[in-house]
Amino acid sequence: MQAKTLLVRNAEVLVTMDAGRREIKRGGLFIEGNRIQAVGPTDTLPETADEILDMRGHVVIPGLVNTHHHMYQSLTRAIPAAQDGELFNWLTNLYPIWAGLTPEMIRVSTQTAMAELLLSGCTTSSDHLYIYPNGCRLDDSIEAAAGIGMRFHASRGSMSVGQSQGGLPPDRVVEREADILKDTQRLIETYHDAGRYAMLRVVVAPCSPFSVSRDLMREAAGMARHFGVSLHTHLAENVNDIAYSREKFNMTPAEYAQDLGWVGHDVWHAHCVQLDDPGIALFAKTGTGVAHCPCSNMRLASGIAPIRRMRDAGVPVGLGVDGCASNDAASMINEARQALLLQRVGFGPNAMTAREALEIATLGGARVLNRDDIGALAPGMAADFVAFDTRGVGMAGGLHDPVAALVFCNPGHAAYSVVNGRVVVREGRLTTVDLPNVIHRHNQLARELAEAAR
């Protein structure tokens with residue numbers, strides 16, 4: 001059967017993020033199936049296709065890539081017990097609530113979080129699920145992602161060191177390490193797709209140095225390398241994180257990661273707010289990635305990650321919205337804006353440009369996830385793109401440079417989000433799930449979860 005074709009034409013500007021960083025006025029794309037066949041000015045593309053999207057008045061960009069999230073946390077946004085306080089305090093207040101999670105809560109919260117991402121211009125997301133009470137499984141997230149149509153890197157997180165062993169989480173939410181490794185292998189063998197244009201990949205992702213053992217970190221790295229999958233964890237998030245690492249391991253977080261084999265192009269660490277200069281040099285030398293989460297880092301007062309220094313050194317950097325309870329929003333286009341603003345607050349008015357913020361949110365995220373088939377609009381790349389309407393009030397007066405205006409202004413929801421050649425957001429509406437019903441059920445479950453913990 002011949003693949004369905006899709007023609008995108010007449011974009012106000014088409015931002016390619018290709019090797020030449022071309023921005024094409026009145027640009028377009030020609031797509032067959034799930035891949036891009038041609039990119040250029042509209043008058044150079046075929047005139048017919050099975051479906052045509054006229055993008056007059058829109059800026060078209062590669063789909064944004066979210067490299068760090070905890071989607072289940074959308075059930076505990078703005079919860080009173082966790083509105084204030086730094087990371088460790090925040091976690092301590094929330095662990096007892098999360099202990100009540102159910103499989104349905106994982107499925108519904110995943111679709112809620114993914115809907116928010118898709119409407120904000122994100123087409124690929126990682127999710128770090130590290131707590132599995134009451135029969136919850138990563139399969140619940142995977143099922144939800146397939147239903148909504150998002151390209152997904154499902155991270156099998158884990159916690160094995162509870163409070164009785166000097167860890168942060170309560171003992172009732174940690175798992176036996178043998179069980180963690182067995183289930184991780186099952187998930188890789190069942191779901192992981194290593195092929196180009198894969199819609200689903202599985203990631204090995206022990207939660208953090210303060211919730212798992214050294215043995216689990218080492219064995220997880222060995223398993224990931226054996227199966228050829230990526231590794232992900234939290235690292236150097238705030239000053240307490242650094243103090244814990246020095247007291248417990250007599251190492252900086254970067255030294256700890258290196259000692260355990262957690263550096264390389266197949267590894268990315270979330271946050272790295274307090275990564276020191278030797279750590280930056282190590283990550284640059286080894287190609288180890290960083291998921292920068294500016295909103296979460298501000299929300300928890302963790303600090304300002306030295307992204308300018310990381311980028312200048314050659315560290316792969318992508319963006320992450322982080323959990324919906326430490327950001328309380330999951331807008332990828334807004335995360336790019338906050339990345340720009342926070343670097344300027346910390347390191348001066350020229351620390352980041354609007355186009356660099358978009359590059360980090362697209363190509364940067366693709367590199368962090370160890371992919372070369374997303375993040376740019378070029379022949380042979382996956383057909384993942386989004387379009388923002390420039391004619392709304394949020395961008396009025398900003399059309400001198402509509403590409404920069406996506407970051408400096410408020411473009412609102414994406415008008416279109418296309419994933420793997422499939423239109424999943426059309427004229428600002430999600431096409432794959434009944435979003436009002438999902439939100440209604442999500443709010444019911446959020447209330448039940450909070451009330452059960454009282």
Side-chain angles (χ1 to χ4, degrees), residues 65-73 86-88 90-91 94 113 117 122 124-131 153-159 168-169 203-212 217 220-221 224 230-242 244-245 252-254 256-257 260 262-276 279-280 282-283 286-307 310 315-327 330 332 335 338-339 342 360-361 364-370:
V65 179
N66 178 33
T67 61
H68 187 63
H69 208 336
H70 307 291
M71 294 182 181
Y72 72 89
Q73 292 179 11
E86 56 77 48
L87 173 66
F88 283 17
W90 176 86
L91 283 169
L94 284 170
L117 288 169
C122 179
T124 297
S125 184
S126 171
D127 184 45
H128 192 187
L129 180 59
Y130 56 78
I131 188 167
H153 283 232
S155 298
R156 206 304 181 179
S158 55
M159 297 190 295
L168 194 66
V203 179
V204 181
C207 183
S208 62
F210 51 81
S211 59
V212 298
M217 292 290 283
S230 291
L231 288 158
H232 181 51
T233 193
H234 298 87
L235 200 76
E237 188 167 351
N238 70 4
V239 292
N240 289 334
D241 200 342
I242 302 295
Y244 182 94
S245 185
T252 68
Y256 179 75
L260 298 175
W262 275 73
V263 292
H265 67 89
D266 56 350
V267 182
W268 85 99
H269 296 279
H271 301 294
C272 297
V273 174
Q274 305 294 338
L275 195 65
D276 58 14
I280 291 173
L282 171 66
F283 279 25
T286 57
T288 306
V290 169
H292 176 43
C293 307
C295 286
S296 173
N297 296 342
M298 287 187 280
R299 161 77 150 80
L300 297 175
S302 298
I304 303 173
I307 300 303
M310 292 184 195
V315 176
V317 177
L319 288 184
V321 299
D322 200 13
C324 298
S326 62
N327 181 340
M332 271 298 292
E335 206 70 36
Q338 296 301 326
L342 189 57
I360 292 170
R367 186 180 175 196
V368 163
L369 295 185
N370 208 21

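The figures that follow rest on heavy atoms only: side chains count, while hydrogens, waters and symmetry mates do not.
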Identify the two heavy atoms, one from Ala236 and one from Asp241, that lie closest to each other, and give their separation to 0.1 Å. N-OD2, 3.4 Å
Partners meeting side-chain hydrogen bond (donor to acceptor under 3.5 Å, both in side chains) with Asn327 (sequence neighbours left out): Glu335
Rounded to the nearest 0.5 Å, how far does CG of Leu117 lie from CE of Met332? 7.5 Å
Identify, with sequence neighbours excluded, every residue that meets side chain to side chain contact (heavy atoms under 4.5 Å, CB included) alongside Ser208. Phe210, Ser211, His234
I need the minimum non-hydrogen distance between Ser155 and Ala205, along with the two atoms involved. CB-CB, 3.7 Å
Listed partners of Arg299 passing salt bridge (Lys or Arg N to Asp or Glu O under 4.0 Å), at least two apart: Asp328
Can you find a heavy atom in the side chain of Val315 that is under 4.5 Å from one in the side chain of Ile280? yes
Between the CD1 atom in Ile307 and the SG atom in Cys272, the distance rounded to the nearest 0.5 Å is 8.0 Å
Determine the interplanar angle of the His232 and Trp268 rings, folded into 0 to 90°, and report it as parallel if under 30°, tilted if 30 to 60°, perpendicular if over 60°. parallel
Closest non-hydrogen atom pair between Ala220 and Leu231, with its separation: O-CD2, 3.7 Å
Under the side chain to side chain contact (heavy atoms under 4.5 Å, CB included) criterion, do Tyr130 and Val212 qualify, and how do the steps go? CA-CA 11 Å; Tyr130 56 78; Val212 298; over 6 Å; no
Among residues at least two apart in sequence or on other chains, which ones pass side-chain hydrogen bond (donor to acceptor under 3.5 Å, both in side chains) with Thr67? none
Contacts of Tyr256 that satisfy ring-ring contact (aromatic ring centres under 6.0 Å, His included) - sequence neighbours left out: Phe249
Test your reading of the model: is there a side-chain donor-acceptor pair from Asn66 to the backbone of Val321, 3.5 Å cut-off? yes
Once side-chain hydrogen bond (donor to acceptor under 3.5 Å, both in side chains) is applied, do any residues pair with His69, and if so which ones, sequence neighbours excluded? none
Checking Asn370 now: which residues fulfil side chain to side chain contact (heavy atoms under 4.5 Å, CB included) with it, not counting sequence neighbours? Ser230, His265, Asp266
Under the salt bridge (Lys or Arg N to Asp or Glu O under 4.0 Å) rule, what pairs show up with a residue in residues 317-327, not counting sequence neighbours? none
Do the side chain of Gln274 and the main chain of Ser302 share a donor and acceptor less than 3.5 angstrom apart? yes
Gap between atom CG of Asn297 and atom CD of Gln338 - 0.5 Å precision: 11.5 Å
For the residue pair Ala366 and Val65, what are the closest heavy atoms and their distance? N-CG1, 4.0 Å
Pair His70-Ser326, side chain to side chain contact (heavy atoms under 4.5 Å, CB included): steps then yes or no: CA-CA 9 Å; His70 307 291; Ser326 62; 5.8 Å; no
For Ala325, check side chain to side chain contact (heavy atoms under 4.5 Å, CB included) against everything at least two apart and list the hits. Gln73, Thr76, Trp90, Leu94
Which residues pass the side chain to side chain contact (heavy atoms under 4.5 Å, CB included) test with Thr233, not counting sequence neighbours? Met217, Trp262, His269
For a quick test of reading the model, state the closest non-hydrogen atom pair linking Pro209 to Leu235 and the distance between them. CG-CD1, 4.2 Å
When rounded to the nearest 0.5 Å, the distance separating OG of Ser296 from NE2 of His68 is 7.0 Å
For residues Val368 and Gly289, report the shortest heavy-atom separation together with the two atoms involved. CG2-CA, 4.3 Å
Quick one: list whatever passes side-chain hydrogen bond (donor to acceptor under 3.5 Å, both in side chains) with Asp127, sequence neighbours left out. none
Which residues share a ring-ring contact (aromatic ring centres under 6.0 Å, His included) with His292, sequence neighbours left out: none
Separation between CG (Asn240) and OG (Ser245), nearest 0.5 Å, reads 12.5 Å
For the side chain of His153 and the backbone of Val203, is there at least one donor-acceptor N/O pair under 3.5 Å apart? no
Run the side-chain hydrogen bond (donor to acceptor under 3.5 Å, both in side chains) check on Glu86 and Asn238 step by step: do they pass? CA-CA 9 Å; Glu86 56 77 48; Asn238 70 4; 3.1 Å; yes
Carefully, step by step, assess Leu300 and Glu237 under the rule side chain to side chain contact (heavy atoms under 4.5 Å, CB included). CA-CA 10 Å; Leu300 297 175; Glu237 188 167 351; 4.3 Å; yes
